[in-house]
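Worksheet for the structure shown next.
In this text, all values refer to a predicted model and were calculated from it rather than measured experimentally.
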Amino acid sequence: MKNSLLKKLNLQKELGLQLSLAVPELTLGPEDHTNPDLLIEKLKNLTLSLDKKEEALKLLRQMKVNRKQYNELIKKAPYNWVAQLGGFKEIA
């Protein structure tokens, strides 16, 4: 169970890194890699090609889905026990 939670967290970070490589104009900080809502706001302010925007939006959608799945997972038993004991927090 702990591995499932860790995989979701690592996937969220990996998607953030992929996004920063795909759209370097975003200039992401370490805390921005996990919050797709902040990234969408930053993306709206940029003038990018259509291909770059589509790729960025695809990655952001994956981040949002992963965040929702992770947050729902740590609320369900027995994952909530593992999350509580392991110190796992919700992805904001």
Side-chain angles (χ1 to χ4, degrees):
M1 282 185 271
K2 182 178 179 181
N3 287 338
S4 297
L5 295 172
L6 286 173
K7 283 181 187 178
K8 291 280 185 193
L9 283 175
N10 288 336
L11 177 61
Q12 192 75 0
K13 290 177 185 174
E14 179 65 31
L15 289 170
L17 290 174
Q18 287 178 9
L19 181 65
S20 67
L21 292 174
V23 186
E25 295 89 352
L26 279 176
T27 60
L28 302 175
E31 68 282 348
D32 295 336
H33 285 291
T34 57
N35 194 336
D37 296 325
L38 289 175
L39 296 173
I40 289 173
E41 290 302 317
K42 286 185 177 184
L43 187 64
K44 286 180 182 178
N45 296 331
L46 295 176
T47 54
L48 300 171
S49 68
L50 188 59
D51 291 341
K52 273 192 171 186
K53 266 199 175 172
E54 286 178 10
E55 184 178 352
L57 289 174
K58 179 183 171 189
L59 289 169
L60 287 167
R61 280 187 215 107
Q62 289 176 339
M63 287 177 74
K64 284 184 129 182
V65 167
N66 185 59
R67 176 180 67 175
K68 184 174 179 2
Q69 289 173 347
Y70 173 82
N71 288 343
E72 288 177 355
L73 191 62
I74 65 171
K75 291 179 184 175
K76 291 182 181 181
Y79 288 94
N80 61 349
W81 304 326
V82 175
Q84 190 175 23
L85 292 173
F88 292 95
K89 304 289 182 202
E90 283 189 358
I91 298 174

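- Here the CE-CG distance, from M1 to L85, works out to 10.0 Å after rounding to the nearest 0.5 Å.
- In this structure, NZ in K52 is found 3.5 Å from CD in E25, a value given to the nearest 0.5 Å.
- Under the 4.5 Å side-chain heavy-atom criterion for ILVMFWY residues, no single connected hydrophobic cluster contains both W81 and L73.
- In terms of hydrophobic clustering, with Ile, Leu, Val, Met, Phe, Trp and Tyr side chains grouped at heavy-atom distances under 4.5 Å, L57 and L15 are assigned to a common cluster.
- For the pairing with Y70, the side chain to side chain contact (heavy atoms under 4.5 Å, CB included) check across I91, V65, L11 returns one residue only, I91.
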Give the intermediate values and the outcome of side chain to side chain contact (heavy atoms under 4.5 Å, CB included) for residues M63 and L39. CA-CA 10 Å; M63 287 177 74; L39 296 173; 3.9 Å; yes

Expected list for residues 2-10: side-chain donor-acceptor pairs under 3.5 angstrom, two or more places apart:
{"unit_1": "K8", "atom_1": "NZ", "unit_2": "Q69", "atom_2": "OE1", "d": "2.6"}
{"unit_1": "N10", "atom_1": "ND2", "unit_2": "L6", "atom_2": "O", "d": "3.3"}

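- When every heavy atom of Q12 is checked against every heavy atom of R67, the shortest pair comes out as OE1-N, 3.8 Å.
- Separating the CD atom in E55 from the CG atom in L60 is a distance of 10.5 Å, to the nearest 0.5 Å.
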Under the side chain to side chain contact (heavy atoms under 4.5 Å, CB included) rule, what do E54 and L50 come out as? Steps first, then yes or no, please. CA-CA 6 Å; E54 286 178 10; L50 188 59; 3.6 Å; yes

Can you check salt bridge (charged side-chain N to carboxylate O under 4.0 Å, His left out) on E72 and K75, steps first, answer last? CA-CA 5 Å; E72 288 177 355; K75 291 179 184 175; over 6 Å; no

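- The shortest heavy-atom contact between I74 and E90 is CD1-CG, 3.6 Å.
- Here the NZ-CD1 distance, from K64 to I40, works out to 4.0 Å after rounding to the nearest 0.5 Å.
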